[in-house]
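Heads up, the thing below is written out as structure tokens.
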Amino acid sequence: MPGSLLQPPVLPLAVAATMICLGAPAVGGQEEDEPDRPAPTPTTSFRDEIDVVSATPLGRTLAAERAPWSSQAVQREDLSGAAIGAGLERSLAGVHTSSAQGSAHQTDVYFRGFGTSPLLGAAQGLSVFHDGVRVNEIFGDIVQWDLIQQDSLGEIEVVAGAQAGYGVNTLGGALNLRSDDGFRFQRHLFTIGTGSWGGQRAAIRSGRAAGELAYFLSAATFDEEGWRDHSPLSTRQGLAKLSRRGDTGSLDLAIDVVENDLIGNGPAPVQLLRLDRSAIYTYPDETHNRLVFPRLSLEKGLGARDRLFATLHYRASDIDTFNADELDDESNAGFDGANNRSRTEQAGYGFTVELSRLDWLPGADNLFIAGASWENGDADFGSSSELASLTDDRTTLGSRLFDPESLVSVATTVRRSSLYLVDNAPLAAGLTLNVQARYNETRIQLRDRLGTELDGDHEWRRLHPAIGMVWNPRPGAGTLQIFAGLAQSSRTPTPVELTCSDPEDPCRLPNAFVADPPLSDVVTTTLELGARGRLDGGSWNAGAFAARSTDDILFISSGRLTSTGHFTNVDETRRIGIDAGIRRRHGRFDWNASYTWVDATFETPLRVLSPTHPRAVGGEIRVRPGDRIPGIPRHMGKAGASARLGSSRIGADLRAFSGRVLRGDEGNLLDEVSGFLVTDAWYETPLGRRLTLSVALENLFDRDTETFGVLGDPAQVLGEEFDDPRFLSPGSPRSLRLAVDIAVGKTSRVP
């Protein structure tokens with residue numbers, strides 16, 4: 001990999017110097033049509049009515065009643081728990097998680113049938129931004145949720161649909177994560193906690209402002225033995241941020257440093273789970289993640305109507321994996337196991353510059369945005385497979401003999417540039433038109449370090465349009481908006497997908513690559529219709545959406561092992577659905593409820609390899625139009641309620657999901673992974689002026705749950721009596737978490 005993790009290239013430094021020379025004493029006022037975001041209130045269990053929504057990832061906001069798309073936001077205080085994925089599922093309507101890796105810190109996050117995952121090879125249909133920087137990684141577009149420190153966040157916003165303004169991967173929507181700063185968080189808070197399975201947590205957040213300058217620090221550690229066998233984890237996360245605010249602009253310099261050791265032992269055979277739900281199949285499955293992520297954000301007023309936004313970033317990560325598993329190749333006599341190792345070193349840098357203007361058309365109260373972004377990333381990937389022997393407890397003893405065909409070393413360069421335009425303008429009283437367009441150009445270069453088989457140069461260019469309208473029957477009242485939008489976005493094949501697309505030569509993810517023909521980019525067109533409004537003490541929303549994807553890229557299981565398969569373009573897939581929600585406050589009581597129906601289906605007849613499927617014919621199964629895509633529940637409902645009892649708070653949250661199709665059963669021929677209902681409860685109370693006790697019970701009624709299923713062959717490891725090919729990822733049983741917050745100095749929080 002070019003340079004070390006801490007060696008930023010020359011270009012970002014040059015751009016940083018240019019930005020600083022622009023003289024951005026930093027932000028002060030917002031335009032009159034952009035009210036300040038409300039300060040987070042720790043006495044609510046949900047975000048009040050959204051006054052503004054993000055028009056682009058950089059933070060340029062738009063009055064909510066003028067946005068022709070769905071949007072929701074949640075404050076950090078409402079993301080209970082140590083894992084960010086679980087907090088998103090609890091707090092955001094239409095979001096669900098799936099644990100293919102078997103770790104709460106390595107979950108797949110889905111919204112409207114599109115997902116994002118930390119696992120190489122998973123279909124990535126959501127874009128994720130952290131302080132305006134896209135954090136889908138260079139190699140595979142994966143999102144490493146454990147690298148995002150939950151304690152450092154101020155707010156998370158979800159923007160629905162194939163938004164042209166948000167760039168590649170925004171097929172189902174985008175997640176905007178914004179870190180806190182010392183102007184909003186002006187206190188010193190220490191947290192110590194403990195919980196089930198040896199969980200130990202310590203965190204500190206500190207912020208202070210003096211005039212135009214402020215700092216914010218956040219650091220957290222978490223250690224746990226895990227509820228499943230041989231599943232400990234350890235996380236170390238830190239953020240430091242310096243901010244400047246002035247009358248005409250803002251400047252923020254932040255850096256994240258993370259080092260985590262994770263164990264996710266994945267799905268286990270269903271017959272084994274019936275004997276012991278904490279049992280694992282083979283172990284260990286280790287991931288060691290490191291991150292250095294400095295970034296600079298600028299906002300500057302250029303006169304009364306113009307505003308400049310810009311970000312500059314450098315992001316370097318190192319992912320090491322070790323997976324002890326059974327041996328797929330039976331030709332290596334005397335060995336029945338394998339130690340699969342991989343290392344992915346990535347370094348990327350880039351910038352985005354955006355200029356916005358209010359009222360650029362005479363007599364029109366409109367907002368116009370023009371922007372450009374550029375990013376360059378380099379990744380080195382290497383993997384190997386050591387022949388090993390399985391022990392009686394299903395771990396491995398290495399032989400120091402390596403399968404020469406398993407050796408992979410490939411260098412990847414990804415360059416992406418974009419130009420985009422957004423215009424939001426009123427057509428008449430109460431009627432607003434929103435148009436967007438984005439042009440993307442992506443180039444991927446692959447170079448095989450062990451030969452030439454994996455060499456390749458790939459390029460994609462595409463223009464994405466979007467149009468939408470909002471009607472407010474009572475202009476100025478803001479009590480009801482009816483909206484409709486049509487938008488398009490795309491994602492390009494990742495280096496992993498490009499080198500693993502031959503059904504005759506399936507890959508062992510993430511440790512094997514072959515020379516294959518290129519794949520087409522995925523194009524998604526979304527139509528959304530909806531309405532939203534405000535109630536006395538609350539808000540409501542209802543809508544419908546339809547997303548059609550052409551040349552969708554899916555991973556098709558095609559081997560005896562659960563992670564063996566290949567990628568293929570599917571001519572057409574479809575996600576259609578409805579969603580509805582309501583939030584209310586009645587004195588001391590808050591409550592909310594939401595329902596989402598998603599029908600994610602194949603719309604093209606297929607024949608796919610699935611050798612372990614019990615109803616396969618010649619190792620293949622037939623997929624018909626209308627068959628459901630694996631892993632996505634059709635129905636999900638959520639409800640929550642809380643009450644203030646003096647200075648204390650008590651609450652409960654409920655989540656219900658219908659069944660999910662197993663991966664490897666794309667023809668929908670087998671029973672689904674069972675649906676489930678889970679209830680969580682929590683309580684907060686002060687213990688004096690400076691101490692606050694928090695108690696959380698997750699899975700209060702100790703329900704057995706499974707969030708992911710895949711087909712495999714357990715017989716070689718467990719014996720012939722284990723003949724059920726279904727592997728499931730079990731959800732955690734009832735758990736208890738205790739935490740004490742210790743406040744030092746002033747405890748104010750301001751907008």
Side-chain angles (χ1 to χ4, degrees), residues 45-46 72 74 78-111 113 115 145 150 195-197 199 224 226-228 231 264 267-268 270 273-274 277-278 579 581 583 590-598 631-643 649-662 671-684 694-709 728-739:
S45 61
F46 59 86
Q72 53 183 317
V74 62
D78 302 327
L79 294 175
S80 59
I84 190 171
L88 293 173
E89 181 180 88
R90 269 191 292 267
S91 305
L92 294 169
V95 171
H96 77 275
T97 61
S98 176
S99 186
Q101 190 70 356
S103 169
H105 292 259
Q106 295 171 286
T107 56
D108 299 352
V109 175
Y110 286 86
F111 176 64
W145 293 105
Q150 183 172 301
S196 301
W197 316 302
E224 184 184 84
W227 72 273
R228 295 183 72 186
S231 299
V270 63
L273 293 177
R274 288 172 186 159
R277 287 190 61 82
S278 65
D579 50 29
R583 299 177 174 88
D590 301 333
W591 62 273
N592 65 88
S594 68
Y595 168 76
T596 303
W597 174 75
V598 178
I632 302 170
R634 225 179 215 146
H635 305 275
M636 66 186 82
K638 302 180 184 181
S642 67
R649 298 171 62 216
I650 189 169
D653 300 288
L654 178 150
R655 307 185 308 283
F657 303 94
S658 62
R660 314 169 197 214
V661 174
L662 291 93
D671 291 340
E672 300 176 353
V673 179
S674 299
F676 58 86
L677 184 151
V678 171
T679 303
D680 303 326
W682 52 268
Y683 177 68
E684 288 183 359
S694 301
V695 182
L697 272 169
E698 298 179 355
N699 194 359
L700 178 64
F701 300 108
D702 202 23
R703 298 289 181 87
D704 289 346
T705 65
E706 291 88 23
T707 63
F708 176 78
L728 302 178
S729 290
S732 63
R734 179 171 49 230
S735 63
L736 172 68
R737 290 186 291 106
L738 302 173

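In terms of the salt bridge (charged side-chain N to carboxylate O under 4.0 Å, His left out) criterion, residue partners of Asp579 (sequence neighbours excluded) are, by chain and number, Arg112. Residues passing the salt bridge (charged side-chain N to carboxylate O under 4.0 Å, His left out) test with Asp704 are Arg277, sequence neighbours excluded. The ring pair (Phe, Tyr, Trp, His ring centres under 6.0 Å) test applied to Phe111 returns no partner, not counting sequence neighbours. Glu224 meets the salt bridge (charged side-chain N to carboxylate O under 4.0 Å, His left out) test with no other residue; sequence neighbours excluded. Every residue was checked against the side chain to side chain donor-acceptor pair (under 3.5 Å) condition with Ser196, not counting sequence neighbours, and none meets it. Scanning for ring pair (Phe, Tyr, Trp, His ring centres under 6.0 Å) contacts around Phe676 gives Phe657, with sequence neighbours left out.
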Under the criterion side-chain contact (heavy atoms from CB on, under 4.5 Å), I'd like the reasoning laid out for Phe701 against Arg734: C-alpha separation, chi angles, the key distance, then a yes or no. CA-CA 7 Å; Phe701 300 108; Arg734 179 171 49 230; 5.6 Å; no

Step by step, would you call Ser98 with Phe708 a side-chain contact (heavy atoms from CB on, under 4.5 Å)? CA-CA 6 Å; Ser98 176; Phe708 176 78; 3.5 Å; yes

Output, in order, the C-alpha distance, side-chain angles, deciding distance and verdict of side-chain contact (heavy atoms from CB on, under 4.5 Å) for Thr107 and Ile84. CA-CA 9 Å; Thr107 56; Ile84 190 171; over 6 Å; no

What's the verdict on side-chain contact (heavy atoms from CB on, under 4.5 Å) for Lys638 and Asn592, showing C-alpha distance, side-chain angles and the deciding distance? CA-CA 8 Å; Lys638 302 180 184 181; Asn592 65 88; 5.7 Å; no

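Between the CG atom of Leu736 and the CG atom of Leu700 there is a distance of 11.0 Å, given to the nearest 0.5 Å. Ser231 contributes atom OG, which lies 11.0 Å from atom CH2 of Trp197 (distance to the nearest 0.5 angstrom). Separation of atoms OG (Ser658) and NE2 (His96) is listed at 9.5 Å; rounding is to 0.5 Å. Here the straight-line distance linking atom OG of Ser91 with atom CD of Gln72 works out to 9.5 Å at 0.5 Å rounding. To the nearest 0.5 Å, atoms CG (Asp590) and CZ (Arg649) are separated by 8.0 Å. To the nearest 0.5 Å, atom NE2 of residue His635 and atom OG1 of residue Thr596 are 11.5 Å apart.
When every heavy atom of Asp680 is checked against every heavy atom of Glu698, the shortest pair comes out as OD1-CA, 3.3 Å. Annotation for Ala652 and Trp682: closest pair N-NE1, 3.9 Å, computed over non-hydrogen atoms. Arg655 and Arg90 make their closest contact through NH1-CG, 3.3 Å (heavy atoms, listed as atom of the first residue, atom of the second, distance). Annotation for Trp227 and Pro730: closest pair CZ2-O, 3.6 Å, computed over non-hydrogen atoms. Minimum heavy-atom separation, Gly709 to Leu728: CA-CD2, 3.8 Å. In terms of heavy-atom proximity, Asp108 sits nearest to Ala100 at OD2-CB, 4.2 Å.
Taking 4.5 Å as the limit, every side-chain heavy atom of His105 sits out of range of all side-chain heavy atoms of Trp145. Side-chain contact between Thr97 and Leu88 is absent, with no heavy atoms from C-beta onward closer than 4.5 Å.
Within 6.0 Å of atom CG in Asp702, more than 12 heavy atoms from other residues, nucleotides or ligands are found, so the atom counts as buried in its surroundings.
The backbone N or O of Ser99 sits less than 3.5 Å from a side-chain atom of Thr707, completing a donor-acceptor pair.
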